[in-house]
*Asks:* 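The structure's right below; bear with me while I get my questions together.
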Amino acid sequence: MTPSATPAYRRLSVEERRSQLLDAALTLFAHRAPEDVSLDDVAEAAGVSRPLVYRYFPGGKQQLYEAALRSAAEELQQCFDEPLEGPLLRRLSHAVDRYLAFVDEHDTGFSALLQGGSVVETSRTTATVDGVRRAAAEHIYRHLGVADPGPRLRMTVRTWITAVEAASLIWLDEDKQPPVEELRAWLVEQFTAVLTVTAGRDPQTAALVGTLTGDGGD
């Protein structure tokens, strides 16, 4: 009788272990404010010891939080990285869908990251969140086909991104109402609306509005 084979134990690489700990931290931050998550909580969620968490994040909770925030920021930045194919508003709809899916999944954590006021917030965490906004704006300029946006167009796009963030936070506070599909459609319509207003004062934006209104949307 052949003895049953036992699965071989595989030691995780440094990057794999670090990724495991960040995933555990992000899951916790998704449901609790950062100040309510301890290193013991992260260790338990990852199935490791507290000293092991310290080995990878010797700066303690602050370092872990900042690393988790950077990981979440990278995921958020990818939301707007849509292929340059098809009507522009359809592309924007897909990007907003991914953004709202992230908001829905991370819920409390998303609120804590954007609203600030956390005891673990620093200038570095603030800069990380601002980097997401700037990256989103750069993706939108690319989709608009504008290599050198003027000040009015830049202000309009960045104002809309801020509005998307604010609407997302209010949506969470309102128990995720209206339905996410309705929220996404409304935000995309707002994008066209704010560009149309700016077009009355800015020739560069005016040249873009016709392509938006005639691209067929969804």
Side-chain angles (χ1 to χ4, degrees), residues 69-70 72-107 110-111 113-116 123-218:
L69 177 57
R70 285 193 298 272
E74 290 170 4
E75 187 175 341
L76 266 176
Q77 288 177 12
Q78 292 172 4
C79 290
F80 287 89
D81 191 11
E82 179 75 12
L84 299 177
E85 300 170 356
L88 189 147
L89 291 184
R90 186 178 300 164
R91 287 181 252 154
L92 188 61
S93 293
H94 293 164
V96 174
D97 272 338
R98 286 195 294 272
Y99 186 93
L100 293 176
F102 181 95
V103 173
D104 188 23
E105 179 184 355
H106 291 82
D107 207 325
F110 178 83
S111 299
L113 297 183
L114 286 191
Q115 287 179 316
S123 59
R124 290 189 297 275
T125 62
T126 301
T128 298
V129 174
D130 190 55
V132 174
R133 298 172 182 137
R134 292 180 182 277
E138 290 300 325
H139 281 304
I140 291 173
Y141 302 144
R142 186 165 56 89
H143 285 293
L144 289 170
V146 178
D148 186 22
R152 290 179 180 83
L153 180 58
R154 289 199 304 272
M155 184 175 293
T156 300
V157 169
R158 293 180 67 182
T159 297
W160 178 76
I161 291 169
T162 302
V164 171
E165 289 182 0
S168 299
L169 291 170
I170 295 170
W171 181 67
L172 292 176
D173 192 52
E174 292 288 338
D175 297 321
K176 300 181 180 178
Q177 291 298 322
V180 67
E181 296 83 4
E182 183 179 332
L183 177 61
R184 182 258 297 160
W186 179 63
L187 290 171
V188 173
E189 289 166 4
Q190 276 198 347
F191 182 73
T192 302
V194 294
L195 282 183
T196 300
V197 172
T198 303
R201 296 176 177 271
D202 179 42
Q204 183 183 46
T205 306
L208 300 171
V209 170
T211 62
L212 285 177
T213 55
D215 75 359
D218 287 336

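Since we're looking at a predicted model, the values are computed, not measured.
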*Asks:* Applying salt bridge (Lys or Arg N to Asp or Glu O under 4.0 Å) as the test, list every pair that has at least one member in residues 188-206; sequence neighbours left out.
*Replies:* none
*Asks:* Which pairs, with at least one residue in residues 135-154 and sequence neighbours excluded, count as a side chain to side chain donor-acceptor pair (under 3.5 Å)?
*Replies:* D81-R142, R91-H143, H139-R142
*Asks:* Any chance you could measure Q78, atom CD, to E74, atom CD, to the nearest 0.5 Å?
*Replies:* 7.5 Å
*Asks:* Would you say that T159 contacts V194 through its side chain, given a criterion of any heavy-atom pair below 4.5 Å between the two side chains?
*Replies:* no
*Asks:* If you look at every heavy atom in Q190 and A163, which pair is closest and at what distance?
*Replies:* OE1-CB, 4.2 Å
*Asks:* Check whether more than 12 heavy atoms from other residues, nucleotides or ligands sit under 6.0 Å from atom CZ of R158, and answer yes or no.
*Replies:* no
*Asks:* Side chain to side chain donor-acceptor pair (under 3.5 Å): which pairs involve residues 170-179, sequence neighbours left out?
*Replies:* D104-K176, D107-K176
*Asks:* Using side chain to side chain contact (heavy atoms under 4.5 Å, CB included), reason through T192 and V209 one step at a time and then give a plain yes or no.
*Replies:* CA-CA 7 Å; T192 302; V209 170; 5.7 Å; no
*Asks:* Taking only residues two or more places apart in sequence, or in another chain, which ones meet V132 in a side-chain contact (heavy atoms from CB on, under 4.5 Å)?
*Replies:* A73, L76, Q77
*Asks:* Are the side chains of L88 and L208 in touch, meaning some heavy atoms are under 4.5 Å apart?
*Replies:* no
*Asks:* Any ring-ring contact (aromatic ring centres under 6.0 Å, His included) involving residues 187-211? Give me the pairs, sequence neighbours left out, ordered by first then second residue.
*Replies:* W160-F191
*Asks:* Under the salt bridge (charged side-chain N to carboxylate O under 4.0 Å, His left out) test, which residues partner R134, sequence neighbours left out?
*Replies:* D130
*Asks:* Which heavy atom in I161 sits nearest to a heavy atom in A137, and how many Å separate them?
*Replies:* CD1-N, 3.4 Å
*Asks:* In chain order, what residues pass the side-chain hydrogen bond (donor to acceptor under 3.5 Å, both in side chains) check against T198, with sequence neighbours excluded?
*Replies:* T156
*Asks:* Answer yes or no: is there a side-chain heavy-atom contact under 4.5 Å between E82 and R98?
*Replies:* yes
*Asks:* Working to the nearest 0.5 Å, report the span between CG of L92 and CD1 of I140.
*Replies:* 6.0 Å
*Asks:* For the residue pair S168 and L100, what are the closest heavy atoms and their distance?
*Replies:* OG-CD2, 3.7 Å
*Asks:* With a 4.5 Å heavy-atom cut-off, do P178 and W186 have their side chains touching?
*Replies:* no
*Asks:* Report the distance from atom CG of L195 to atom OG1 of T205, rounding to the nearest 0.5 Å.
*Replies:* 6.5 Å
